[in-house]
Trainee: 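Please see the structure below; I have some questions.
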Amino acid sequence: MLKFKYNGGLKLENPYPVDAIDLIRIPLPDKVVLPMQQRIGNQAIPIVSVGERVLTGQIVATIDDQRCAPVHASISGTVVAIDEHVYAHKSGLKGLCVTIESDGKDEWVDTSIGCTEHYEACTANTIYNKIRVSGIVGMGGAGFPTHTKVRLAEGCHTLLVNATECEPGITCDAALMQAYPTKVIRGIEVLLHICQAERAIIAIEDDKQDAIAALNKFCNNENITIEVMPTKYTSGAEKLLLKSLLGIEVPTGKFASDVGVLCQNVATVVAMFDAVVENRPLISRAVTVAGSAVKESKNFQVRLGASYDYLLSFVDIVEGSHKISMNGLMMGIELDSTNYSVSKNTNCVFIDQLEESKPTKECIRCGLCNTVCPVDLLPQQLYWYSKSENIDKAIEYNLLDCIECNCCSYVCPSYIPLVDYYQYSKSLYKQQVKEKQQTESARERYEFRELRLERNKRERAEMMEAKKIALKEKMAKDKAHKATVEAALERVDAAKSAHGSQDDG
Amino acid sequence: MLDAISTLSLLALLLGLGLGYAAIRYRVKGNPLIDQIDAILPQTQCGQCDFPGCRPYAEAIASGEVEINQCPPGGQEGVDALAELLGVETLPLNQVHGETKPKRVAVVDEKVCIGCTLCIQACPVDAFVGSSKVMTTVIAEECTGCDLCLPVCPVDCIDMVEIKPTFRTYVPDISELAHA
């Protein structure tokens, strides 16, 4: 049982239960579409060109930005296009993608160079670099570049491995742990080696008994403990995990690394093991395919960039109109089609039967949302402020601490999409802050320019004035000189004439 | 009687001195209203208001010489905000000065640019970088989209490009959420 607790949260049943969880490896896709824009950081720049042959694991795009990870070819074949595609994103915006057509050979780049199993002989810096060039980002959903996160947590006391997978219906992490328990444990050992933490805790929910058994069987390291937690939604949120396991509350605007804890998702740990020990970059991931329209939900180990359609061809789908969504029932987003590809943080694709949408009604001020908020905010208050675009007030009520878990919208009897409002005000806030900075900068630059022009004008005038005076002085001096010369000449003349008259005389 | 007079006189003297000192010590430099107006103006420095910049326009508004509806980049929202600050009736934006356009940024066609530096001199916020006879470029972050560089360019190599929302600047539309 847990020593500590957090308020709120929801007890949710898995809507798509299965008898046994398994990780299925599927054949190589014929084509992959790799997005250049990842969830965080700037858009990566392709370093291959159309028509070029690439090998599996070869870097196809990169950018010199600590908040960005490179993108690798997930199959061997030919680059057939570098163009814009609609991303699986709420905005429906287009972004740059590299499309690779498979040659079916899956020829790899040389994976023999690197740290191998002798990673203990490598310095932390070498391993950070290995993680960075392997393109690893947080695979739980946030997509934060792992090398940056690990580096930030240097000198931490605890490593927390997040295997809770609290979103109902997603089982890809459980499948991964069952399939590769040794990779999980060895991956944690690699992390312990570089971050120098004293202990590691694997946090796992009690509905994953098979995964727990598998980990227990292979865990011989006394520094690693497996903490079984009761199944409750939002337990997996990083800050809540810290609160419920360690009793540490992360202050607003700070991260787990600021309180000496490094938190990593279990899939990220496995990816890191592959990168550091096996020298294989991140080119595939586990994805859950489930939903009320899917006859049996399954987990697939699939190459990144494979299309949803390709994934869905391995499950039986009930005929009819479907609702397509990704990344979970609670925090995921709804999509208009299956015309997207698996990215580094796609953990599930859900195909549900289309249900009649529940019409949104007015808020009745029941306060139910306030009781379920796991981060102790006042969702109702935030809703009013967001709706009226009173952003300052919403920020004052700690809008930025909202983890967008959707517990409030889930319980709302009026079916108000509360989190959509919060996302709106958050992005509006971000925009306002940026605009304010730009305005401030424009004002400063304008004023400085005025000042500079004024100064230049003054300096020019002063210079002209000085020149004028100098000229006048010079003229006066010349005049005086001339006068002296003339006077002298006169004197000479006078002397001459005096002399002449004397001679005459 | 004398006590009362002297006490009150002393009091008046002391308070007078205090107030006199405070008036000098805490004197407000300039007109604070100008700063408040300037804070509302968008700082595009485009001169569409017929003043050479936002601050001169703010000064003119503060002195009551001009109407508050001459700033197209600020839009109707800006006019409304000014009206609220000044406690006057709001006005519709004066179309004579131009219309509100979406945010834009100047882009130099680097192949065409001859390095005449005229745009550098025209830019109110020093957003151009360049020198005589070399290619000029724009610091996109600092460009206010004022259009002042367009008429001075002798080879017409500057384009104003609308800033499109990206994944990182995208703001969802809540009007879709509004219920029946």
Side-chain angles (χ1 to χ4, degrees), chain A residues 35-43 67 87-95 333 358-363 383 386-389 409 414-432 434-450 452-453, chain B residues 30 34-35 37-47 51-59 71 73-75 77-78 81 103-105 120-129 139-146 148 163-180:
Chain A
M36 295 294 104
Q37 174 72 54
Q38 295 172 68
R39 202 167 168 273
I40 290 178
N42 286 323
Q43 184 168 289
R67 290 163 66 82
Y87 279 26
H89 187 263
K90 263 200 175 121
S91 63
L93 286 172
K94 278 186 171 183
I333 57 165
K358 292 160 184 162
T360 308
K361 286 175 246 163
E362 288 298 336
C363 173
Y383 164 64
S386 299
K387 201 179 171 190
S388 57
E389 296 186 14
S409 332
S414 294
Y415 311 117
I416 300 170
L418 291 159
V419 171
D420 290 355
Y421 281 98
Y422 307 152
Q423 284 172 342
Y424 168 71
S425 27
K426 273 185 188 177
S427 40
L428 206 62
Y429 171 69
K430 230 166 83 185
Q431 193 185 42
Q432 282 178 356
K434 198 177 164 215
E435 265 172 23
K436 208 172 166 198
Q437 275 170 356
Q438 279 174 339
T439 326
E440 218 36 67
S441 160
R443 179 181 294 124
E444 251 170 52
R445 290 174 82 88
Y446 172 74
E447 276 168 11
F448 179 72
R449 183 171 180 268
E450 293 291 294
R452 193 187 67 220
L453 293 180
Chain B
I34 297 175
D35 283 332
I37 297 171
D38 196 35
I40 292 173
L41 295 175
Q43 304 303 320
T44 323
Q45 319 292 1
C46 61
F51 289 89
C54 296
R55 194 157 183 97
Y57 181 43
E59 282 161 11
C71 177
E77 279 170 41
K103 258 186 98 68
R104 292 162 331 140
V105 65
I120 299 177
Q121 293 160 41
C123 181
V125 291
D126 291 334
F128 280 98
V129 180
I139 311 170
E141 291 281 294
E142 305 294 353
C143 174
T144 62
C146 68
L148 289 179
I163 299 173
K164 294 215 175 86
T166 65
F167 291 105
R168 292 163 79 192
T169 59
Y170 163 75
V171 178
D173 186 7
I174 51 162
S175 62
E176 286 169 18
L177 306 177
H179 24 87

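As the structure is a prediction and not an experimental result, all values here were calculated from the model. Sequence lines set the chain letters: A, B, ... in the order given, protein chains first and strands last, and positions in each chain run from 1.
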Trainee: What orientation do Y87(A) and F167(B) show, parallel under 30°, tilted 30 to 60°, or perpendicular over 60°?
Mentor: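 The rings of Y87(A) and F167(B) lie parallel, inter-plane angle below 30°.
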Trainee: Closer than 3.5 angstrom, by distance alone: can the side chain of R443(A) be matched with the main-chain N or O of D38(B) as a donor-acceptor pair?
Mentor: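 Such a contact is found between R443(A) side chain and D38(B) backbone.
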Trainee: Are D126(B) and R445(A) ion-paired here, with the side-chain N under 4.0 Å from a carboxylate O?
Mentor: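 Result for this pair is no, no salt bridge flagged.
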Trainee: Using a cut-off of under 4.5 Å on heavy-atom pairs, state which of G41(A), S386(A), S425(A) scores highest against chain B.
Mentor: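 That would be G41(A).
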Trainee: More than 12 non-hydrogen atoms from neighbouring residues, nucleotides or ligands closer than 6.0 Å to CD on E435(A), yes or no?
Mentor: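 Buried by this count: over 12 neighbours within 6.0 Å.
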Trainee: Is there side-chain contact between E450(A) and Q45(B), with heavy atoms separated by less than 4.5 Å?
Mentor: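 Contact flag for E450(A)/Q45(B) side chains = no.
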Trainee: Is there a side-chain contact between K434(A) and T169(B) in this structure, where contact means two heavy atoms from C-beta onward sitting under 4.5 Å apart?
Mentor: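 When only atoms from C-beta onward are counted, T169(B) and K434(A) do touch, with a gap below 4.5 Å.
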Trainee: Side chain from CB out, backbone as N, CA, C, O: work out which of these in K164(B) comes under 4.5 Å of a heavy atom of chain A, or both, or neither.
Mentor: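 No part of it gets close to chain A.
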Trainee: Heavy-atom distance under 4.5 Å to chain B: side chain of K426(A), backbone, both or neither?
Mentor: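 Contact with chain B is absent: no heavy atom of K426(A) under 4.5 Å.
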Trainee: Less than 4.5 Å to any heavy atom of chain A: does that hold for the side chain of T166(B), its backbone, both, or neither?
Mentor: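 The backbone, not the side chain.
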Trainee: Give, as side chain, backbone, both or neither, the part of P124(B) having an atom under 4.5 angstrom from any heavy atom of chain A.
Mentor: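 Both parts, backbone and side chain.
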Trainee: Is it the side chain or the backbone of R452(A) that comes within 4.5 Å of chain B heavy atoms, both, or neither?
Mentor: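 For R452(A), the side chain is the part near chain B, not the backbone.
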Trainee: Output the distance between atom CD (Q43(B)) and atom CD (E440(A)), rounded to the nearest 0.5 Å.
Mentor: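 It is 7.5 Å, given to the nearest 0.5 Å.
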Trainee: Is it the side chain or the backbone of E447(A) that comes within 4.5 Å of chain B heavy atoms, both, or neither?
Mentor: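 Only the side chain of E447(A) comes within 4.5 Å of chain B.
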Trainee: Would you say CD of E389(A) has more than 12 non-hydrogen atoms from neighbouring residues, nucleotides or ligands within 6.0 angstrom?
Mentor: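 Yes, enclosed.
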Trainee: Between CZ of R168(B) and CG of L93(A), what distance do you get to the nearest 0.5 Å?
Mentor: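 Taking CZ in R168(B) and CG in L93(A), the distance rounds to 13.5 Å.
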Trainee: Quick one: closest heavy-atom pair of Q438(A) and E141(B), and the distance?
Mentor: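 Closest approach of Q438(A) to E141(B): NE2-O, 3.9 Å.
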Trainee: Could you tell me which portion of C123(B) (side chain, backbone, both or neither) has an atom closer than 4.5 angstrom to a non-hydrogen atom of chain A?
Mentor: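 Contact with chain A is through the backbone of C123(B) alone.
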